[in-house]
Amino acid sequence: MSELIAKQKGRLRNLILWLLWQSPRRGIDIIDDIYKMTWGWWKPSPGSVYPLLAKMEEEGIIEKLDDGRYSITQKGIEEIKYLLPSRYSGSVEDAVEELKGILMFFKEVDRNKLHPHKEKILELLKLIQGVVENA
C-alpha cells in the first residue's frame with residue numbers, strides 16, 4: 001500500500017471516530033457527513049468505509065448497535081482523545097459571554113439553517129433554565 005493511501009485511511013479512521021464521538025451513525029451517514037464536511041471535495045467510497053468499520057469493530061473501538069448504527073467505545077475515545085475538544089475550563093463570566101456570542105450568532109444566522117435545530121436548541125434552553133433556577 002502506498003504511503004498516500006495509508007495516510008488517507010488514517011484520516012478516514014480518525015474522521016469516523018470523531019463523527020461517532022458526536023453521535024452514533026450508519027455507514028451511509030458517515031459517508032454523507034464526510035462529503036459535507038469537505039464541501040464536496042471528498043466522498044469516501046462504501047468500499048473503503050464499510051471494511052474499515054468492520055475492522056474497527058473487530059478492534060473494539062466501535063460497536064454496531066441493534067438499529068444498524070455504529071457507536072464509539074471508550075477504547076475508540078482513547079484513540080482520538082488528542083482530537084477532542086477539552087472540557088470548558090473558563091469562569092462563569094466567560095461562559096456567560098460565550099452564551100451572549102452564541103445568541104448574537106443565532107440572531108444573524110439564516111432562519112432556514114436554524115429551523116432544523118429548533119427542538120434541540122429549545123431543549124438545551126430548558127436545561128440551562130433549570131440549572132440557573134436551581135442555583
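- Take Glu119 and apply the side chain to side chain donor-acceptor pair (under 3.5 Å) test, not counting sequence neighbours, and it matches no residue.
- In terms of heavy atoms, Ile72 sits closest to Trp21 at CG2-CA, 3.8 Å.
- Under the rule for a side-chain contact (heavy atoms from CB on, under 4.5 Å), the partners of Leu114 that lie at least two apart in sequence or sit in another chain are Phe106, Val109, Arg111, Ile121.
- For the pair His115/Asn112, no side-chain contact is recorded, criterion being any heavy-atom separation below 4.5 Å from C-beta on.
- No single ILVMFWY cluster, assembled from side-chain heavy atoms under 4.5 Å apart, contains both Leu103 and Val96.
- In this structure, OG in Ser71 is found 7.0 Å from CG in Leu20, a value given to the nearest 0.5 Å.
- When atom types are taken as modelled, the side chain of Tyr70 and the backbone of Leu17 share no donor-acceptor pair closer than 3.5 angstrom.
- We find that Lys75 and Glu79 are not joined by a salt bridge, their nearest charged nitrogen and carboxylate oxygen being 4.0 Å or further apart.
- With sequence neighbours left out, the side chain to side chain donor-acceptor pair (under 3.5 Å) criterion links Glu78 to Gln74, Lys81.
- Tracing side-chain contacts under 4.5 Å through hydrophobic residues (I, L, V, M, F, W, Y), one never reaches Leu19 starting from Leu65; they form parts of separate clusters.
- How far CZ of Arg13 is from OG of Ser48: 14.0 Å, rounded to the nearest 0.5 Å.
- Listed here is the closest heavy atom pair of Pro51 and Pro46: CD-O, 3.5 Å.
- Here Leu53 contributes atom CG and Leu12 contributes atom CG; the two are 8.0 Å apart, rounded to the nearest 0.5 Å.
- Minimum interatomic distance between Val49 and Pro44 (heavy atoms only, all atoms of both residues): CG2-CB, 3.7 Å.
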Could you list the donor-acceptor pairs under 3.5 angstrom formed between side-chain atoms of residues 29-40 and any protein atom two or more places apart in sequence or on another chain?
unit_1, atom_1, unit_2, atom_2, d
Asp29, OD1, Arg26, NH2, 3.0
Asp29, OD2, Arg26, N, 3.2
Asp29, OD2, Arg26, NE, 3.0
Asp33, OD2, Arg25, NE, 2.5
Asp33, OD2, Arg25, NH2, 3.4
Thr38, OG1, Ile34, O, 3.0
Thr38, OG1, Tyr35, O, 3.3
Thr38, OG1, Trp42, N, 3.1
Thr38, OG1, Trp42, O, 3.1

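- Qualifying side chain to side chain donor-acceptor pair (under 3.5 Å) partners for Glu58, counting only residues two or more places apart in sequence or in other chains: none.
- Ile102 and Leu124 end up in different hydrophobic clusters when Ile, Leu, Val, Met, Phe, Trp and Tyr side chains are linked at under 4.5 Å.
- When the side chain to side chain donor-acceptor pair (under 3.5 Å) test is applied to Glu97, the partners found at least two apart in sequence or on another chain are Lys100.
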